[in-house]
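See structure below.
Numbered from 1 within each chain, the chains take letters A, B, ... in sequence-line order.
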Amino acid sequence: MPEEKSLNFIEEIIEQDLSSGKYERILTRFPPEPNGYLHIGHAKSICLNFGLARKYNGRTNLRFDDTNPVTEDVEYVESIKEDIRWLGFTWSNEYYSSDYFDELYLFAVKLINKGLAYVDDSPSEKIAADKGTPTEPGKENEYRNRSVEENLRLFEDMKNGKYKDGEKVLRAKIDMAHINMLMRDPIMYRIKHAHHHRTGDKWCIYPMYDFAHGQSDSIEHITHSICTLEFVPHRQLYDWFIEKLEIFPSRQYEFARLNMTYTVMSKRRLLQLVNEKFVSGWDDPRMPTLSGFRRKGYTPSSIRTFCDKIGVAKRDNLIDISLLEFCIREELNETAVRVMAVLNPVKLIIDNYDENITEELTTENLPNDPGNIRTITFSKELWIEKEDFMEVPVKKWFRLAPGQMVRLKSAYIVRCESFTKDEEGNLTEIHCTYIPESRSHNDTSNLKVKGTIHWVNAKTAATAEVRLYQRLFTVENPAAEEGDFKSFINPDSLTIIKNAFIEPHLQHAEKGAHFQFIRNGYFCIDKDSKPGALVFNRTVTLKEGFKPKSD
RNA sequence: UGUCCCAUAGUAUAAAGGUAGUACAACAGAUUUUGAUUCUGUCUGUCGAGGUUCGAAUCCUCGUGGGACAACCA
């Protein structure tokens with residue numbers, strides 16, 4: 001029985017457009033500028049645009065909004081395509097705004113002919129000053145009333161490279177006193193003698209966003225052009241150009257962009273983190289980029305689930321990152337093979353166990369699949385976590401302490417008899433005795449212990465590097481804080497453990513595999529791994545249940 | 001001292017004039033050879049004031065609060 005899911009406001013619009021017969025089929029688009037890597041905020045937009053098309057049997061174009069050659073690069077084009085595919089979506093057509101430069105030029109000429117565009121010789125400072133403020137009207141200048149013929153000639157000269165950067169612009173002739181600043185004769189074309197990653201040196205004039213985006217939507221017959229809230233004031237201009245150009249009426253709808261706690265989401269800030277080496281690159285696992293999450297071990301489906309859960313609306317939001325963590329835990333709990341790894345080791349010696357014996361034990365790979373087992377080995381000396389021993393236990397301490405017993409996962413119950421320390425007081429060895437009748441799956445001891453801890457056989461253990469990540473920032477909303485957001489970077493966001501002990505078979509694990517290191521979290525294999533020198537990334541911790549109280 | 005957008009538990013998101021619901025978070029308890037998982041329960045909400053109506057989270061007015069807008073960026 002399918003559960004009734006309510007529609008978001010965009011779905012409501014689409015269902016109305018479909019049932020009224022306005023459109024037979026919807027066409028959406030995802031329009032990134034290729035000047036950076038995609039982040040989780042883009043994932044929301046991708047899931048929305050592609051998801052809508054999928055739901056209503058429509059299509060989605062991928063269009064690179066490449067109208068500013070000085071900031072854009074093919075490196076970004078490739079990474080963006082890879083990330084969309086990885087997320088699990090397929091675009092109908094791959095387009096570029098630059099594909100439309102010829103057509104856009106003709107559109108501009110059409111507006112000049114209609115007396116709705118003019119060439120302005122003013123420097124940018126003058127244009128900005130004449131624009132007025134939100135509360136005061138702007139001023140018209142002497143170029144505004146040039147003849148159509150002169151505008152036509154000048155615009156052609158601009159195109160032909162007769163002028164230097166900044167000498168002239170083409171402006172729409174709307175209303176310098178308009179209440180909407182964007183309608184005060186917005187710039188349509190500017191001169192940039194720059195090499196474009198696709199059109200090369202063919203053009204030295206480039207359309208502005210406002211004279212490219214809506215027109216490109218229209219050329220492709222996009223029915224629903226979905227963008228973020230900051231473009232709300234642009235909609236009036238978007239519609240104005242479409243009306244005056246008399247072209248296909250695409251319509252723009254705006255939703256609230258995604259913000260997440262303990263991270264930043266703007267390309268500008270992410271670029272700073274990369275350039276100033278606060279992280280190792282765009283795919284650093286601490287980055288909120290799709291490549292960062294991928295490297296950290298997030299799956300595409302967990303991100304899609306997240307985007308589905310956060311909903312789509314028009315109010316500013318700050319989503320708790322624990323929802324994203326919930327989504328990946330929920331999935332990995334079902335799929336990740338349980339293994340044992342000791343990150344902060346101390347040696348446990350079983351005094352009454354024969355040092356010449358290596359015993360084979362079985363353990364389950366997945367808790368809800370009892371038949372799915374593997375063999376592990378056990379012997380006199382084991383590695384366990386330092387944190388699983390307390391010389392003077394706190395209240396409700398279920399792990400090891402002098403005289404206290406624990407179960408070694410899938411093995412025996414042991415009792416702590418003594419421990420040793422070095423001259424500096426650091427714990428060096430824990431001595432235990434084991435209860436032979438307490439062997440897992442064959443326990444006749446009748447002993448009940450509260451704690452079960454993980455371990456690795458010291459005789460056969462392999463080692464690996466393990467990287468633990470925590471949130472990149474110490475405050476919920478770094479971008480909203482006073483001062484430089486970088487002053488809120490968490491100094492402990494990365495912990496590298498050079499020599500963790502792992503079960504030996506993990507050395508042969510496959511690249512994309514996900515594991516749960518029992519009691520330590522979910523892990524994946526990092527791309528820095530080399531044969532014999534594995535590197536694991538912690539995708540996410542397990543939900544923390546035990547919080548020792550200070551007394 | 002302008003225009004536009006927005007306002008529902010801690011965080012998100014439903015309820016299209018008719019029982020304020022769901023998820024995450026938090027907190028309890030049960031189960032557990034992972035202090036995980038699972039299960040059960042608890043907690044907390046319609047920004048304010050008027051109005052329309054038999055009835056308002058929803059419609060209207062006025063406030064209040066938050067956000068956007070003055071790049072030859074997108």
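For the P atoms, the distance linking B:C47 with B:A57 amounts to 10 Å, nearest Å. Spacing between B:U46 and B:U8 at atom P, rounded to whole Å, works out to 11 Å. For the P atom pair drawn from B:U42 and B:C24, the interatomic distance equals 16 Å after rounding to whole Å. Across the P atoms, B:C60 and B:A7 are found 12 Å apart, a figure rounded to whole Å. Taking atom C1' on both nucleotides, B:A74 is separated from B:U11 by 30 Å, rounded to a whole Å.
Residue A:F398 is in base contact, counting any heavy-atom pair closer than 4.0 Å across all strands shown. Among the atoms of the strands shown, none is found under 4.0 Å from any heavy atom of A:L182. Using a 4.0 Å heavy-atom cutoff across all strands shown, A:R399 reaches at least one base atom of the nucleic acid. Within the 4.0 angstrom heavy-atom criterion, no nucleotide atom of any strand lies near A:Y206. Residue A:T67 is in sugar-phosphate contact alone, with no base atom involved, counting any heavy-atom pair closer than 4.0 Å across all strands shown.
A donor and an acceptor atom sit less than 3.5 Å apart, one in the side chain of A:R338 and one in the base of B:U34. Counting atom types as modelled, A:H234 pairs a side-chain N or O with a base atom of B:A74 as donor and acceptor under 3.5 Å.
The CD1 atom of A:I10 sits 16 Å away from the P atom of B:C5 (whole-angstrom rounding). In this structure, the CG atom of A:N68 is 12 Å from the P atom of B:C72, given to the nearest Å.
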Please lay out, stage by stage, how A:F155 and A:Y105 fare under the test ring pair (Phe, Tyr, Trp, His ring centres under 6.0 Å). CA-CA 10 Å; A:F155 185 49; A:Y105 180 81; 4.8 Å; yes

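When the options A:H224, A:E220, A:H213 are evaluated for a side-chain hydrogen bond (donor to acceptor under 3.5 Å, both in side chains) with A:R29, the one that passes is A:H213. When each of A:F501, A:Y522, A:F536 is paired with A:F517, the ring-ring contact (aromatic ring centres under 6.0 Å, His included) condition holds for A:F536 and for no other.
The aromatic ring centres of A:F326 and A:F306 sit 6.0 Å or more apart. Separation of the A:Y262 and A:F473 ring centroids does not fall under the 6.0 Å cut-off. A distance of 6.0 Å or more separates the ring centres of A:H42 and A:Y37. For an aromatic pair to be called close, the ring centres must be under 6.0 Å apart, and A:F211 with A:F241 satisfies this.
When each of B:C4, B:C69, B:A14 is scored by its nearest atom to the side-chain atoms of A:V232, the top-ranked nucleotide is B:C4. Side-chain proximity of A:K543 to B:C6, B:A26, B:C24: nearest is B:A26. Among B:A36, B:U37, B:A7, the nucleotide with an atom closest to any side-chain atom of A:L542 is B:A36. Nearest to the side-chain atoms of A:N317 among the listed nucleotides B:C73, B:U11, B:A12 stands B:A12. Among the nucleotides B:G35, B:C73, B:A23, the one closest to the side chain of A:R190 is B:C73.
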With the criterion being N/O to N/O and under 3.5 Å, what pairs connect the protein with nucleotides 30-33 of chain B, and how long is each?
| unit_1 | atom_1 | unit_2 | atom_2 | d |
| --- | --- | --- | --- | --- |
| B:U33 | O4' | A:T452 | OG1 | 3.3 |
| B:U33 | O2' | A:K409 | NZ | 3.2 |
| B:U33 | O2 | A:S410 | N | 2.9 |
| B:U33 | N3 | A:S440 | OG | 2.3 |
| B:U33 | O4 | A:R407 | NH1 | 3.2 |
| B:U33 | O4 | A:S440 | N | 3.3 |
| B:U33 | O4 | A:S440 | OG | 2.5 |
| B:U33 | O4 | A:H441 | N | 3.4 |

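For RNA chain B, runs of at least 3 consecutive pairs of the Watson-Crick or G-U wobble type, with both hydrogen-bonding distances under 3.5 angstrom, map to B:2-7 with B:64-69, B:10-13 with B:21-24, B:26-30 with B:38-42, B:47-51 with B:59-63.
In this structure, A:K192 is not positioned above the aromatic face of A:Y206 in the sense of NZ or CZ being under 6.0 Å from the six-membered ring centre and within 45° of the axis. In this structure, A:R198 satisfies the cation-pi test against A:Y96, with its NZ or CZ atom closer than 6.0 Å to the six-membered ring centre and inside 45 degrees of the ring normal.
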